[in-house]
Amino acid sequence: MATDGPQFSPQELMVCQAARQLRDGEVVFVGIGLPNLACNLARRLYAPKLVLIYESGAVGADPQRLPISIGDPSLVTNSLGVFSMFDVFSFYLQGGLIDVGFLQGVQIDRFGNLNTTVIGDYQQPKVRLPGSGGACEIAILAKRVFVIAPQSKRSFPERVDFITSPGFIDGPDSRRRLGMPGGGPVMVITNLGCYEFSDGEMLLTSLHPGCTVEQVRENTGWDIRISPQLTTTELPTSEELRIIRGSHGLHGF
Amino acid sequence: MATDGPQFSPQELMVCQAARQLRDGEVVFVGIGLPNLACNLARRLYAPKLVLIYESGAVGADPQRLPISIGDPSLVTNSLGVFSMFDVFSFYLQGGLIDVGFLQGVQIDRFGNLNTTVIGDYQQPKVRLPGSGGACEIAILAKRVFVIAPQSKRSFPERVDFITSPGFIDGPDSRRRLGMPGGGPVMVITNLGCYEFSDGEMLLTSLHPGCTVEQVRENTGWDIRISPQLTTTELPTSEELRIIRGSHGLHGF
Amino acid sequence: MDEAVRRFVRDGDVIVIEGFTHLICFAAAHEIIRQRRRDLTVCRLTPDLIYDQLIGAGCVRKLVFSWAGNPGAGPLYALRRAVEQGIPNSIELEEYSHYGMVARLTAGAAKLPFYPLRNYMGSDLPRVNPLIKTIACPFTGEELAAVPALNPDTAIIHAQRADENGNAQIWGLIGVQKEAAFASRNTIVVAEEIVSESVIRSDPNRTLIPGMIVSAVVHEPFGCHPSFAQGFYDRDNDFYVRWREISQNEELFNRYLEEWVYGLRDRGEYVQRMGAQIDRLKARANYCEPVNYGY
Amino acid sequence: MDEAVRRFVRDGDVIVIEGFTHLICFAAAHEIIRQRRRDLTVCRLTPDLIYDQLIGAGCVRKLVFSWAGNPGAGPLYALRRAVEQGIPNSIELEEYSHYGMVARLTAGAAKLPFYPLRNYMGSDLPRVNPLIKTIACPFTGEELAAVPALNPDTAIIHAQRADENGNAQIWGLIGVQKEAAFASRNTIVVAEEIVSESVIRSDPNRTLIPGMIVSAVVHEPFGCHPSFAQGFYDRDNDFYVRWREISQNEELFNRYLEEWVYGLRDRGEYVQRMGAQIDRLKARANYCEPVNYGY
């Protein structure tokens, strides 16, 4: 992206933005890819006592290389603990210990519902996607959920084809009514901007430098609400970029 | 006991009798004391592949001294595996892997129900006993249950004061009707004789050498049924006695 | 220990000090007695000597348990005096089997409101404990037993080694410690050795309790005596046998508390007082084959 | 392996080959393909390349799963061809989330007919899978989700080391292997190393699967490639990326099977064919601190 400061990619901006949301001492249920980079960045700069948990069972991992899969051996070596998946899902996640869950979605709708199951009809899918993995329970049980996703009209429909991982379902009261323990999505970070939730609905709160509200509207499948306090997303600092580009690199994202 | 062969104590006879019931390769949920000695004897003479499981979590123990408690450290060192109590009760016992469970009881009645909870009324007990421990679930879930108990009119009442660990409850059909997975008690070994179960009721099947049917009747709280094929309990062999009295001894029993 | 107990064990609390025969933290119980905590609800599969002492010292209002004996050595007489005669105070009993207690703590750790199990049919336990209910399977229609979650205020868990953040490693019998710790609002980890984080990280599969659920870490060598710590010291079976006599007699019981609890400042003084007896219990070396965590 | 698969994987069986990223036994899957098993119901949290291969080879009638992707490298195209186009045959899908699959195997291992969990409210998964039901807590009245037990005919579990009786030790990620083995009627243990019983007994807390539930033990070094075995060899991430291209093209897929499965007699020949590539993946030393089991 072209700005006055250092050059950076949209992915780098998204990683920085995600990293800044994490608070010291929090326990994060983390996936691979951008969330992993965001957590590592946060640990280096903002939240040294952040604890990372991977659904594969590694707790307090300290990977010496960029993990390519959620079960990479580098997540085990010198981690603080390795637990069975029964323990991870029962005691950590359902047990209420997870402060932040990171999710991705092929589709996300205005209520923050995520689809990673099918495009089209479930029985006759246009595209068969991987399915839930741990996403459904993370969406239901984590205290706060962050979503990192590329944005387009197709990936931001008014209503997802299939709710794999519920956000606010169809309005502000749905989660409470259904007895969902977790707080639901609090932020969606795309290549265009950041969204928070108000009355259970997505609200554009900051635009990335160089992006416009028009771009956002063109790439959203519904009439997106814009915050009256709309800001510009803070730029990555050189220190952030140095760390992201450091030992681990950002190859392949 | 006075016989023509080697001298032995009632306890030694009971241990030998219990040991002979175990089949090679079986998995035994074992307590301390006489059952532990019986299993060790069986492993040496009759069932070398017997696997011992203690409710404390030790599987395939090979203790180098007589364990005084069910959680003795000698049951862990050089065992084949140590499991959590969740695993022991869920996967081994409820999972249907336990062939034989050994139980003891302060009271046992004609249907093989065991009481280790209270003498007298539960709320106003004459004597407060230890309670179930794992006995209730062993009685319900093990494929076969053996009981080793000293016999007297008080310990063999027609009806136990409290069913801690169900036998056949009140008749041959009760276990099936209640959906109990295990087969229930198959043998009770006392200082006077051995009892099996027929139509869910205890039946004297062998008298220990020197004991009489009259003695049995005097020490039983109901009109005990006597097998038409009543035999005399086989004597301990010198080899059995040598092993029982060997490295581990029988101190304190 | 002084501070950990002061902060996390309050009058009226529900506490669990777990460890099945192994790693029973007597040091914590003695500190609770010294601080004269009252009206505790104490939960444990096997109350053992440790709760016999708490009960006899008048700390306990209610006992939640599954087997109340002196393993291999008879009854717990202080417990019996409380139940049968109300000395020093009457206590309430809530009674399960072992599997029921394991299930309650597992539900508590998983924040499930109940746990299902195939158990209790034909037993009188559900008759005297209304918290043992039944539930029908939505698939097969079978009726199963159900017990409610147990979520104590504080768990006290003794570990062989832990780092300063409370990441705790236990080997040998592990009982129901993990479930008890995850089920509780606070966990106090007491350790034979405080090790550097790198020791913990060298063998992550051994970690039973993660630091994130630990409220306080206490270094207390020999903190389990007369219970044992595999690889550190043996169970003091002689003491368990002697306890029969001590607990049977109220005066002997009180004298024991005076000499070994009230009369001492902390576990350090206890160990000092034990003197050479400790050497008799020290573990011999029997090390495991190491494994490779490299890639 | 030949004999173990012949005896314990039959046409129409329900099988589970577990291992979450770690210790996925490709050697067993290749043998199943070689023996041209048909109509299998295959269960796994993550079908991964291993079930993509089984599906593309026509062994599978039904897939029970929770996440069907090529981790870090895109979709599983053979699976998608079967689902979207019925090539080589259409397959039935039964779909959960990870926690649902973990719960199903846990129930299976514990011989509970169902397992309760706080999950699925608001999700469309129960709408398309009628086996996700609800159950009311008998204590609080809350409505929870319930999934049925999963009890496969055969589990195949790869371990770093096992003795000849199948007592198997695993370190690093342990996933849901214990539950899968206890849930299944038969378990095949495949091991990188067959060790003497004394090695197992030197560290009993490492034993994940006891020999008593094991039907067959197979020694198969490098049996997980392209998956990994902590302490033995790394994951072949390049192969996972290459698989995207292979599986996308039916012809390349079939050629892969010809060259690497049908064209080879066993895993030994596979390793031989890999040649020097294997050295690239071999693990470096990173040994744990040993612990003392003495008393």
Side-chain angles (χ1 to χ4, degrees), chain C residues 103 107 110-118 131 133-142 144-149 160-161 169-174 195 198-206 208 228-235 281-295, chain D residues 103 107 110-118 131 133-142 144-149 160-161 169-174 195 198-206 208 228-235 281-295:
Chain C
K111 298 291 183 288
L112 287 171
F114 76 97
Y115 203 89
L117 57 175
R118 287 190 195 277
L131 290 177
K133 298 196 176 190
T134 58
I135 191 168
C137 171
F139 299 97
T140 64
E142 288 167 277
L144 302 172
V147 291
Q160 280 112 327
R161 65 187 184 197
Q169 300 193 327
I170 293 181
W171 56 97
L173 302 176
I174 55 174
V195 296
S198 66
V199 172
I200 302 294
R201 287 187 183 275
S202 85
D203 197 353
N205 286 91
R206 279 250 202 253
L208 199 73
F228 70 104
Q230 195 94 30
F232 288 79
Y233 45 89
D234 198 354
R235 188 167 186 264
L281 298 169
K282 284 214 171 116
R284 280 157 298 181
N286 197 327
Y287 281 86
C288 70
E289 299 272 330
V291 304
N292 185 8
Y293 276 95
Y295 57 87
Chain D
K111 299 291 182 289
L112 287 171
F114 76 97
Y115 205 89
L117 58 174
R118 287 189 194 278
L131 290 177
K133 298 196 174 188
T134 59
I135 191 167
C137 171
F139 299 96
T140 64
E142 289 168 276
L144 301 171
V147 292
Q160 280 113 328
R161 65 187 184 199
Q169 301 193 327
I170 294 182
W171 56 96
L173 302 176
I174 55 174
V195 296
S198 66
V199 173
I200 301 295
R201 288 187 183 273
S202 85
D203 197 354
N205 285 92
R206 278 254 200 250
L208 200 74
F228 70 104
Q230 195 94 30
F232 288 80
Y233 45 90
D234 198 355
R235 189 167 185 264
L281 297 169
K282 282 216 172 117
R284 279 157 298 181
N286 198 325
Y287 281 87
C288 70
E289 300 272 330
V291 303
N292 184 8
Y293 276 96
Y295 57 88

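Treat the numbers as computed from the prediction; the structure is a model and nothing was measured. Below, chains carry the letters A, B, ... as their sequence lines are ordered, and counting in each starts from 1.
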CG/C:Asp203 to CG/D:Asp203 distance, rounded to the nearest 0.5 angstrom?
7.5 Å

Assert top hit (heavy-atom pairs under 4.5 Å, partner chain D, pool C:Val199, C:Val195, C:Thr140, C:Leu144) equals C:Leu144

Best-contacting candidate, C:Leu281, C:Leu131, C:Ile174, against chain D by heavy atom pairs under 4.5 angstrom
C:Leu131

Residue part contacting chain D, namely of C:Leu173, when any heavy atom lies under 4.5 Å
neither

Measure across C:Arg206 and D:Arg206 and return the closest heavy-atom pair with its distance rounded to 0.1 Å.
NH2-NH2, 3.6 Å

Ranking D:Arg161, D:Lys282, D:Arg235, D:Arg201 by heavy-atom pairs under 4.5 Å to chain C gives rank one to D:Arg161

Taking side chain as everything from C-beta outward and backbone as N, CA, C, O, which of these in C:Ser198 sits under 4.5 Å from a heavy atom of chain D? Side chain, backbone, both or neither.
neither

Atom pair CG/CZ of C:Leu112 and D:Phe139 - distance to nearest 0.5 Å:
12.5 Å

Structural part of C:Pro138 lying under 4.5 Å from a heavy atom of chain D
both

For residues C:Gln160 and D:Val291, determine if any side-chain heavy atom of one lies less than 4.5 Å from a side-chain heavy atom of the other.
no

So which part of C:Glu142 gets closer than 4.5 Å to some heavy atom of chain D, the side chain, the backbone, both or neither?
side chain

Whatever's closer than 4.5 Å to a heavy atom in chain D on C:Phe228 counts as neither

Proximity breakdown for C:Val147 and chain D, heavy-atom pairs closer than 4.5 Å
backbone

Most contacts with chain D, counted as non-hydrogen pairs under 4.5 angstrom, among C:Ala107, C:Ala110, C:Pro116
C:Pro116

Separation between CG (C:Asn205) and CD (D:Gln169), nearest 0.5 Å, reads 11.0 Å

Would a distance-only check, ignoring hydrogens and angles, find a side-chain to backbone donor-acceptor pair under 3.5 Å from C:Trp171 to D:Asn292?
yes

Are the side chains of C:Phe114 and D:Cys137 in contact, using a 4.5 Å heavy-atom criterion?
yes

Rounding to 0.5 Å, atoms OH (D:Tyr293) and CG (C:Asn286) come to a distance of 10.0 Å

Top of D:Ala146, D:Cys288, D:Ala149 for chain C proximity - count of heavy-atom pairs under 4.5 angstrom:
D:Cys288

Name the region of C:Ala136, side chain, backbone, both or neither, that has any atom closer than 4.5 Å to a heavy atom of chain D.
backbone

Sort D:Pro148 into side chain, backbone, both or neither according to what part of it lies under 4.5 angstrom from a heavy atom of chain C.
both

